[in-house]
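Structure record follows, encoded as structure tokens.
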Amino acid sequence: MKPLLIAGNWKSNKTTAEALLWLQDFKNHIIPIPSYITVVLCVPFTLLYTVKETIKRDSLPLVLGAQNVSAFPEGAQTGEESARMVRDLADWVIIGHSERRKNFNETDEILRQKVEQAHRAGLKIIYCVPDDKTPIPAHVDVVAYEPVFAIGTGTTDTPKHANDIIGSIKAYSQVSTVLYGGSVTAENVALFVSQRAIDGVLPGGASLDPEKFANLISAAAKSNV
Ligand code: PGA
């Protein structure tokens with residue numbers, strides 16, 4: 001069985017009360033997860049503490065991640081969360097999501113600085129790229145290939161094309177774990193994780209509903225080669 005990483009991305013969704021309900025419901029739906037599958041849940045900063053405490057209290061099979069980090073070290077940067085502060089609560093962080101590249105003008109250079117900060121603080125990094133041409137900074141742990149046309153649209157890349165692009169990303173970067181993201185669901189996850197080069201998935205919409213997310217994890221476990 002190849003190791004699989006499933007990273008749910010809640011994006012800018014959920015109040016504290018909604019997050020607590022999700023966690024309770026997830027506990028009711030999740031089946032025992034095989035040891036070769038790691039499930040990371042990437043939540044907004046405002047939920048990190050609550051989700052962390054609930055995962056610990058209820059022994060949920062989830063590892064906690066954030067979705068962003070400051071490019072600056074701790075200090076006079078109003079409204080920013082430094083990598084050291086994020087590391088206090090989370091083990092993982094998503095950097096370079098296409099929504100941040102597009103809506104927040106995050107350039108390759110800014111993203112390189114974010115990776116540097118996250119790495120120094122000891123965060124594990126999932127670095128998103130839209131293709132196999134985008135630069136990947138040193139110290140990235142996992143890459144997620146997320147073609148823009150597939151994000152939130154219900155239209156995925158084809159598993160074969162995703163596998164080819166991911167093979168190419170592995171060849172030009174030093175990164176050996178590469179995920180596919182973009183409209184992944186419980187219904188289609190098997191098509192992706194059964195591809196040789198694909199090491200897991202990064203679902204957004206399908207992670208917002210606890211039953212759908214638990215089903216997605218079960219489907220991935222059943223289809224792993
Ligand atoms: P989606 O989002 O699964 O809703 O397409 C994926 C992502 O943007 O990470």
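Quick note: numbers below take in every heavy atom, side chains included, and nothing from hydrogens, waters or symmetry partners. One-based numbering along the sequence shown. Numbering of ligands and ligand atoms starts at 1, following listing order.
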With Lys160 as partner, the option from Thr158, Asp164, Asn163 fulfilling side-chain hydrogen bond (donor to acceptor under 3.5 Å, both in side chains) is Asp164

Hey, which of Glu80, Lys114, Glu81 is the one that makes side-chain hydrogen bond (donor to acceptor under 3.5 Å, both in side chains) with Asn68?
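Exactly one pass, corresponding to Lys114.
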
Is there a path of hydrophobic side-chain contacts, each under 4.5 Å between heavy atoms of I/L/V/M/F/W/Y residues, joining Val142 to Tyr145?
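Different hydrophobic clusters.
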
Any chance OH of Tyr172 has more than 12 other-residue heavy atoms, nucleotides or ligands included, within less than 6.0 Å?
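Yes, enclosed.
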
Atom NZ of residue position Lys212 - does it have more than 12 heavy atoms of other residues, nucleotides or ligands inside 6.0 Å?
no

Collect the protein residues that have a non-hydrogen atom under 4.0 Å from ligand 1 and hand them over in chain and number order.
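For ligand 1, the residues that come within the 4.0 Å heavy-atom cutoff are Asn9, Lys11, His97, Glu146, Ala150, Ile151, Gly152, Gly182, Ser183, Leu202, Pro203, Gly204, Gly205.
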
Would you call Glu53-Arg57 a salt bridge at under 4.0 Å N-O?
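Looking at Arg57 together with Glu53, the answer is no, because their closest N to O distance does not fall below 4.0 Å.
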
